[in-house]
Number of protein chains: 2
Amino acid sequence: MRKRSITSYDVAKAAGVSQSAVSRAFSPNASIAKATRERVLEAAKELGYQPNAIARSMSSARIGAQQKTGLIGVIFTRFEDPFFARMVADLSRSVQACGWQMLLFTVDTHSEVDSALNTLMQYKIDGAIIMSTILSDQMAQTCRAREIPVVLFNQSVEGLDVNSVQIDNRGGGRLATECLVETGHDRIAVVGGETGDATLMARETGFVEYLLEAGVELFIREEGNFTFSSGREAGLRLFSRRESPDAVFCVSDVMALGVLHAARFELGLQVPQDFSLLGFEDIPAAEWPGHSLSTIRQPTRRMIRDAVNILVDNMQDLDSSPRRERYKGTLILRESCRKRNLPEATQR
Amino acid sequence: MRKRSITSYDVAKAAGVSQSAVSRAFSPNASIAKATRERVLEAAKELGYQPNAIARSMSSARIGAQQKTGLIGVIFTRFEDPFFARMVADLSRSVQACGWQMLLFTVDTHSEVDSALNTLMQYKIDGAIIMSTILSDQMAQTCRAREIPVVLFNQSVEGLDVNSVQIDNRGGGRLATECLVETGHDRIAVVGGETGDATLMARETGFVEYLLEAGVELFIREEGNFTFSSGREAGLRLFSRRESPDAVFCVSDVMALGVLHAARFELGLQVPQDFSLLGFEDIPAAEWPGHSLSTIRQPTRRMIRDAVNILVDNMQDLDSSPRRERYKGTLILRESCRKRNLPEATQR
DNA sequence: AGATCCTATGCATGCGCTTGCAAGTACTGT
DNA sequence: ACAGTACTTGCAAGCGCATGCATAGGATCT
């Protein structure tokens with residue numbers, strides 16, 4: 001048999017006040033005498049009473065209420081990647097700092113997002129942040145209809161009226177390529193992502209674009225799926241051909257590390273003597289001494305802060321037009337790139 | 001002005017039944033005619049109705065009810081570590097698979113756990129999983145009083161009546177040390193964790209214990225705080241002395257990689273020629289070609305599965321005595337350890 | 001002292017749903 | 001045909017809290 005838990009009525013009785021007084025004691029701006037509040041809080045403490053957040057949002061469900069559930073839905077994917085894992089941690093802290101709780105849902109593919117959102121909406125979330133994946137046009141409309149603000153993090157969908165916060169992937173791709181071209185590489189390879197991934201594709205687009213403008217021909221393209229092992233395999237393929245690239249741009253750091261490990265430890269190549277390597281994201285492992293991977297850094301903290309702020313703003317003003325924030329990436333030059341045009345000696 | 005959302009009453013009207021019928025249509029085992037259910041579901045679909053999980057758990061709050069909030073609180077720390085990040089991902093999937101939602105709370109220190117739990121309890125979570133951190137005796141009692149099952153993951157507290165699921169850290173430490181001793185190392189160093197961390201301490205205890213039994217003297221101890229950079233610094237210290245260790249056991253993989261990078265890339269040492277290296281956990285990066293780090297592997301998947309199962313069992317039978325599952329670690333021998341007793345040549 | 005105003009409090013209602021109970025319906029067997 | 005049974009269904013009572021409204025005290029002013 002289940003025990004009844006302590007309710008505001010119990011506290012009311014103990015403090016000799018009405019239940020409403022208890023409720024008011026726990027609402028910051030309610031009209032209640034200081035002495036009464038203290039007495040109530042005292043009694044509450046003694047009984048171990050904690051307001052029931054569920055019931056609270058239940059009664060606040062009335063039309064026009066301010067207080068809501070305090071729940072933020074977060075949909076997440078690609079958890080394996082340290083870059084994203086770190087982001088959930090940061091996001092979690094930001095969300096908590098705003099007094100919200102984070103309802104986390106993990107999905108494996110873009111197609112699961114809609115149903116995940118549906119599930120989360122049953123919990124009447126006050127808003128949602130969707131990390132590294134996208135939602136359908138239809139679901140975006142549903143969210144708008146139900147007045148649930150949504151922010152896409154690290155992704156965006158062309159023509160979809162949804163807030164988004166992401167790095168300028170194309171610009172980052174250009175930046176990376178510029179660095180490689182300027183330092184005199186002329187056999188530049190790219191390890192891109194699957195065509196379905198807009199983020200990775202944009203980085204590659206920036207790469208191709210810059211190459212075209214600079215009049216440098218693309219040496220070769222390989223493809224990976226965002227994992228270390230796919231990067232490793234791409235690396236093995238890249239350097240098994242008769243002529244090898246003298247620079248490799250990978251659209252993600254983990255893949256770049258895959259290439260690095262394959263080249264250096266399986267094929268005996270040297271970086272940057274044999275080829276320059278550039279990644280994207282700046283994960284912690286990029287700066288480990290043995291990696292020293294040059295990369296395009298994302299202003300992650302700031303992006304997370306902004307994502308949360310946009311969510312808050314949007315909750316205040318439900319009709320505000322969607323914001324699409326873009327951030328410039330920064331080139332972090334480490335030892336995986338050769339610094340200037342080297343003499344013939346470097347060529348193999 | 002906020003729109004009223006669609007409720008079971010709207011569906012009831014549309015389907016020409018009572019509100020209770022709608023409720024029953026959405027409850028798997030309720031007494032309702034098949035035809036009626038279909039009609040209701042049809043109408044619900046048309047109106048875009050989704051049961052309100054908050055209201056649902058609200059009314060199920062009555063004494064003895066089966067259905068609860070469907071919320072599982074997860075308290076998490078040390079998110080930076082890839083090993084733990086991975087675990088949240090897996091856990092998230094397991095929890096979802098059981099039809100629960102995961103309410104994630106991130107803490108930075110053990111001391112925040114109690115208040116985190118308090119916050120989560122306001123949401124009337126059905127249970128909690130606490131990852132890599134601990135709770136106070138008092139809070140454990142509170143949870144029991146409120147009948148909220150708790151499982152400690154990867155931690156346990158001596159003498160505390162709380163379910164726990166963790167690797168046999170001491171045994172793992174022994175296993176690691178045995179490997180090093182058997183292969184003829186005699187200047188064995190350890191990079192331990194801070195004394196407050198029971199998990200890391202247990203690994204070290206196993207290490208010291210075995211050394212003692214084997215009659216091998218501890219060469220030197222360094223300390224880290226579970227991060228790559230603390231491992232790196234420990235590594236620099238270890239090899240800056242006049243006499244260097246010929247083996248290093250690190251109580252976590254990230255720290256071991258810190259040592260590896262420092263030794264190999266900053267000090268120019270070779271592994272395993274100059275010294276053998278052993279970690280603990282088997283994170284993905286451990287098997288990267290350039291690392292090939294020997295380590296003690298944890299049966300993570302199984303541990304997560306069991307943690308969830310224990311939670312479920314405990315929810316069914318609230319008075320069952322706490323279970324404390326222990327798992328044996330497996331020694332994964334990679335190239336960072338020399339395989340047999342080598343001739344004098346190895347010594348420096 | 002009386003009128004006026006403001007603050008503090010209690011009462012009562014409802015948020016959307018589940019569920020015990022009673023009533024209704026259909027079906028079975030004799 | 002009628003009692004007995006098994007299913008369905010609607011009614012209504014909460015779940016724990018927030019809040020509009022009315023009211024009771026004070027405090028302030030004239």
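None of the values given here were measured: they were computed from a predicted structure. Lettering of chains follows the sequences in order, A, B, ..., and the numbering in each one begins at 1.
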With heavy atoms under 4.0 Å as the rule, sort [X] into base, sugar-phosphate or nothing.
| X | answer |
| --- | --- |
| A:Val17 | sugar-phosphate |
| B:Tyr9 | base |
| A:Ser20 | base |
| A:Thr7 | sugar-phosphate |

**Message:** Between A:Met121 and A:Arg146, is there a side-chain heavy-atom distance shorter than 4.5 Å?
**Reply:** yes
**Request:** Taking the side chain as every heavy atom from C-beta outward, state whether A:Leu160 and A:Asp137 have any pair of such atoms under 4.5 Å apart.
**Result:** yes
OP1 or OP2 of [N] versus the side-chain N and O atoms of [X]: is any pair under 4.0 Å?
| X | N | result |
| --- | --- | --- |
| B:Thr36 | D:dT9 | yes |
| A:Ser8 | D:dG16 | no |
| B:Ser59 | C:dC17 | no |

Could you tell me how far apart [X] ([atom1]) and [N] ([atom2]) are, to the nearest whole angstrom?
| X | N | atom1 | atom2 | value |
| --- | --- | --- | --- | --- |
| B:Met58 | C:dG14 | CE | C1' | 12 Å |
| A:Arg146 | C:dG16 | CZ | P | 14 Å |
| A:Asn52 | D:dC15 | CG | C1' | 9 Å |
| B:Arg24 | D:dT9 | CZ | P | 9 Å |
| B:Gln122 | D:dA18 | CD | P | 11 Å |
| B:Gln19 | C:dT19 | CD | C1' | 11 Å |
| B:Ile32 | C:dA26 | CD1 | P | 17 Å |
| B:Asn29 | C:dT18 | CG | P | 13 Å |

**Prompt:** Considering residues, nucleotides and ligands other than B:Arg301, do more than 12 of their heavy atoms fall under 6.0 Å from its CZ?
**Reply:** no
**Verdict with reasoning, A:Phe26 to A:Tyr49, per ring-ring contact (aromatic ring centres under 6.0 Å, His included)** = CA-CA 11 Å; A:Phe26 280 91; A:Tyr49 166 80; 5.4 Å; yes
**Prompt:** B:Lys34 or A:Gln50: which one's nearest nucleotide on DNA chain D is closer to the 5' end?
**Reply:** B:Lys34
**Message:** Using heavy-atom distances to pick each residue's nearest nucleotide on DNA chain D, tell me which of B:Ser31 and B:Ala55 is more 5'.
**Reply:** B:Ser31
**Item:** Distance in Å, B:Thr69 OG1 paired with B:Arg56 CZ, rounded so as to fall on 0.5 Å steps
**Value:** 12.5 Å
**Request:** Would you indicate which nucleotide in C:dT18, C:dC17, D:dG10 comes nearest to any side-chain atom of B:Ser18?
**Result:** D:dG10
